[in-house]
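Heads up, the thing below is written out as structure tokens.
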Amino acid sequence: MISSVEAWFKGRGWTPFPFQREVWRRYLAGESGLVHVPTGFGKTLAAWLGPVMEGAGAPGAAEVPSKRGDAPPLAVLWITPMRALAQDLVKNLREVTGEVAPGWLVEGRTGDTNSTERGRQSRRLPTALVTTPESLSVLLSREDAAERFAQLQCVVVDEWHELFGTKRGVQTELGLARLRRLAPGLRTWGLSATLGNLPEAMESLLGSGPGTDAGALVESDRRRALEVRSVVPREIECFPWAGHMGLRLLDEVAAALDSARTALVFTNTRAQAERWYQALCYARYDERDRIALHHGSLDREQRAEVEAGLAAGRYRAVVATSSLDLGVDFSPVDLVVQVGSPKGIARLAQRAGRSGHAPGLSSRLLCVPTHALELVEFAAAREALERGDSEPRAALQRPLDVLAQHIVTVAVGGGFLPDELLEEVRTTHAFRDLSDEEWTWALDFTRFGGETLAGYERYARVVEGKGGKLVIASRRTARDHRLNIGTIVGYGSLDVKFRGGRRLGTIEEVFVSRLRPGDAFTFSGRSLELIKVEDAAAIVRVASKPATLVPRWFGGRMPLSSELAKAVRRAMSSVKETLRTGETSGAPELDGVAPLFARQAAVSRIPEPDELLIERVRTRDGDHAFLFPLEGRIVHEGLAALLAWRATRAAKVTVTQAVNDWGLELVTRTELPVGDDEWAELLTPEGLLEDLLACLDGSGLARRHFREIARVSGLVQQGLPGARKGQRQLQASAGLVFDVLTEHDPENLLLEQARREVMERTLEFSRLRAGLEELRSRTIHVERPGSLTPLGFPLWAERVRERVSSESWEDRVRQMAERLQARSSVAAAPHPATPGADRQSVTGERRKDA
DNA sequence: GACCTGCTGCGGTATG
């Protein structure tokens, strides 16, 4: 049989790669598995899939007849996390396999798929379907789901690393378990980029049902050369306050773009993308039409145009956020620029992989630091990439909101027998440890909303039908449920529109609320003037003057990953070594920041990987303690709150805090009552959870987070399309339900889930705990530099920002930087380091000078 | 023209 695959490739003038042969051999033997493919091999994959698709599940099997009437039923299902990918894949497959119409369809939204195609699909599915996890759920919610999927032979999940570890991933797992029940013998294959825990990712993809124990992890033999370089500023500032925009290096970046055919410029935030787009248009004014902008708050249509332009090679540069991390292949791209730290090894690899798609080309990546310490992060990330390190993804455990949604989906899709569904659900990785109690609870929840809500008709979604089967309560409930399928919950945002009605994208309510009509801001690369706010839309016109105000959005917080943090510690050791020996470290970035670390070493200490550095400094502001655990900003936030709380339990003092990815700062007007030998005690992981809940208003956090759980589980509905319930209203109804449950049903499992998720997501609790455990084995060094150090200074600036108005902040930070700089040029010899005269090491001793 | 962080992703009704 494998020979027919060979023939398939040969007929197209291709030779399959060894890993493709391996996949095929296993596929034909009826196995399932996960293929580990580095990013940027999309076309190759289309080719890999070609024979499956064409042979409707088995290469060499009957060709798909060209007439619709006798086409075989759905045989191959391909799931991608993005609709654009689905559409692109269908296009590629058509090119690769020739027209296999009309069996190839993309299931999409009403607005995207024309109604005749959709109508056809509702009668009968195509032979091969490319779709999303949400659409799979919608398909499973059709009454005849069982028949429709009965002939399914193969399901492929693309970009599994994107879905794994998320609620969308769990939704996919549940859908796959359902499919395996409906189509016994179904083979499941996944494609994943590099991930720290691929075996677990595979387990979760395949589940534990019959026929899935023969899972194979196939390593691709494809590797692409990667060239990572950084812009190293000639003059390094020892006191890097310059913020996170990075525009100081605009000229260098513009020059790099000149040497590239097409470049992607990645930034970490949308506001940053807007600014960089503006700045690049300014720097290369004649080419401004060939520069584009792309981020998640821009209108879909506009983004699609940019994507098409990229693929066609119409642009010199596109400035983007993670919105272009995934998506179709842009072969013309031959340079990727990363502005600001990537914060993770995998993210850097992913972005690098967006360039050099033509065979034989290598990926070129140019890193642009936005302040001096980021040079260390870049050097560290490259070293980690070379070592082959990558971040693992934590699998989600028993998210009951997703389970509740799935139960209703199955009830709508023809109904179920409870015992059978339980057995099926337990074959998924996410629910393998689901207890009987949890199951009963989830089931009751869909039947009457649980104890507290029983009696309200709208919570009785599932009822007993014929033969003990549980089915959906009414047609109306079924419709409402379909409208609520999915696990992505958005934030309150307003459309930005021209008076004529053309939509530009969305901005946050909070931002608009601070504007008055007539105010101008930059958005979508244009200067816009606000006319009025009307029906959840900000109506704008083109402003006559350039605007400097840029909207800010609430987004993820992207802390430095643990793996990258480890690499940063190694990099610091290597700088230390360089300073000692006077030889180069081999990394230009590290050589570049050496003067900064020389200063650090002179006045304080460069922490070794097995040390925790604490700096105590007195300034006019008061008493400072700087700690550098290097655990990422989210952990530092929790830790700062915890330390402040623990430190002041006895004494009454007000502690202000600041954090960044490297460390945290605690400041008190009077003395911070912590002796040098007391830090270890304050940092103990014992009683961590209780203390955190006590000092962080755990229930307030949980209440806000409950909105997502209420939406996913179906407790609150978001209304009909077009007449979408406002997010604020959604928050309000979810808050109400939260309060009712808290009062009358405190043991409610969804409340518990909200508390659990908030701990993990907004506090990274596991990482914090692990970090504290590790700190136990580290040696604590308390240093007393005479002034702020290079490591401490950014934290000082960060904290000051929160208290002063915008203009004076910059002034103040600049003045302080200059003052320190002046002092340091007297005190510290540049390179190699000499012990500073103002250094006072009092490790282990109690402070006396307060 | 002036730098003060925060990303991404999806779906659905009804009638002619």
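The structure presented is a predicted model; accordingly, all values stated were derived computationally and were not measured. Here is how names work: the chains are called A, B, and so on, in the same order as the sequence lines, proteins then strands, and each is numbered from 1.
- Residue-to-nucleotide contacts include a donor-acceptor pair under 3.5 Å from the side chain of A:Ser322 to the base of B:dC7.
- Among the protein residues, A:Lys343 comes within range of the nucleic acid bases, having at least one heavy atom under 4.0 Å from a base atom.
- Across B:dG9, B:dC4, B:dG1, the shortest atom-to-atom separation from the side chain of A:Ala279 is found for B:dG1.
- Close to B:dG6, at under 4.0 Å from its OP1 or OP2, lies a side-chain N or O of A:Arg552.
- Atom CG in A:Leu140 sits about 19 Å away from atom P in B:dC10, given to the nearest Å.
- Mapped onto DNA chain B by nearest heavy atom, A:His295 and A:Thr269 fall at different nucleotides, with A:Thr269 at the one closer to the 5' end.
- In this structure, A:Arg270 reaches the B:dT8 phosphate: one of its side-chain N or O atoms is under 4.0 Å from OP1 or OP2.
- The residue A:Arg303 sits close only to the backbone: its heavy atoms come under 4.0 Å of sugar-phosphate atoms, none of a base.
- Residue contacts shown for A:Arg347 are absent, as no nucleic acid heavy atom lies under 4.0 Å away.
- Checking B:dC3, B:dG6, B:dC10 against every side-chain atom of A:Arg633, the shortest atom distance belongs to B:dG6.
- Protein atom CD1 of A:Ile79 is 14 Å distant from nucleotide atom P of B:dC10, rounded to whole Å.
- Counted by atom type alone, A:Thr656 and A:Arg799 present zero donor-acceptor pairs between their side chains at under 3.5 Å.
- At a threshold of 4.0 angstrom between heavy atoms, the contacts of A:Gly296 are confined to the sugar-phosphate backbone, with no base atom among them.
- Taking the six-membered ring for Trp and thresholds of 30 and 60 degrees, A:Phe164 and A:Trp160 have ring planes inclined between 30 and 60 degrees apart.
- Atom-to-atom, CG of A:Asp299 to P of B:dG9 comes out at 13 Å; the value is rounded to the nearest Å.
- Put simply, CH2 on A:Trp276 is 19 Å from C1' on B:dC7, counting in whole angstrom units.
- Phosphate contact (OP1/OP2 of B:dC3, side-chain N/O of A:Thr370, threshold under 4.0 Å): absent.
- In this structure, a donor-acceptor pair under 3.5 Å is present between the side chains of A:Glu377 and A:Trp662.
- Straight-line distance from the CZ atom of A:Arg799 to the P atom of B:dC4: 19 Å, rounded to whole Å.
- Two residues, A:Leu324 and A:Tyr282, neighbour DNA chain B, and the one matched to the more 5' nucleotide by heavy-atom proximity is A:Tyr282.
- You'll find that the side chain of A:Glu134 is closest to B:dC10, out of B:dC7, B:dT8, B:dC10.
- The A:Arg300 side chain lies nearest to B:dC10 when the options are B:dC10, B:dC3, B:dG1.
- Judged as a side-chain hydrogen bond (donor to acceptor under 3.5 Å, both in side chains), and not counting sequence neighbours, the contacts of A:His294 are A:Glu307, A:Ser323.
- Here the C1' atom of nucleotide B:dG9 and the CZ atom of A:Arg393 are 11 Å apart, to the nearest Å.
- Checked against B:dC10, B:dG6, B:dC4, the side chain of A:Arg83 finds its nearest nucleotide in B:dC10.
- A:Met82 comes within 4.0 angstrom of the backbone, heavy atoms only, and of no base.
- If you check the side chains of A:Gln350 and A:Asp325, you find no donor sitting under 3.5 Å from an acceptor.
- Atom CD in A:Gln272 sits roughly 16 Å away from atom C1' in B:dT8 (whole-Å rounding).
- Applying the side-chain hydrogen bond (donor to acceptor under 3.5 Å, both in side chains) criterion to A:Ser297, with sequence neighbours excluded, gives A:Arg270, A:Trp553.
- Residue A:Arg482 is classed as a sugar-phosphate contact, given heavy-atom separations below 4.0 Å to backbone atoms only.
- Checking B:dA14, B:dT8, B:dC10 against the side-chain heavy atoms of A:Arg479 singles out B:dA14 as nearest.
- In this structure, A:Leu247 places its CG atom 13 Å from C1' of B:dC4, rounding to the nearest Å.
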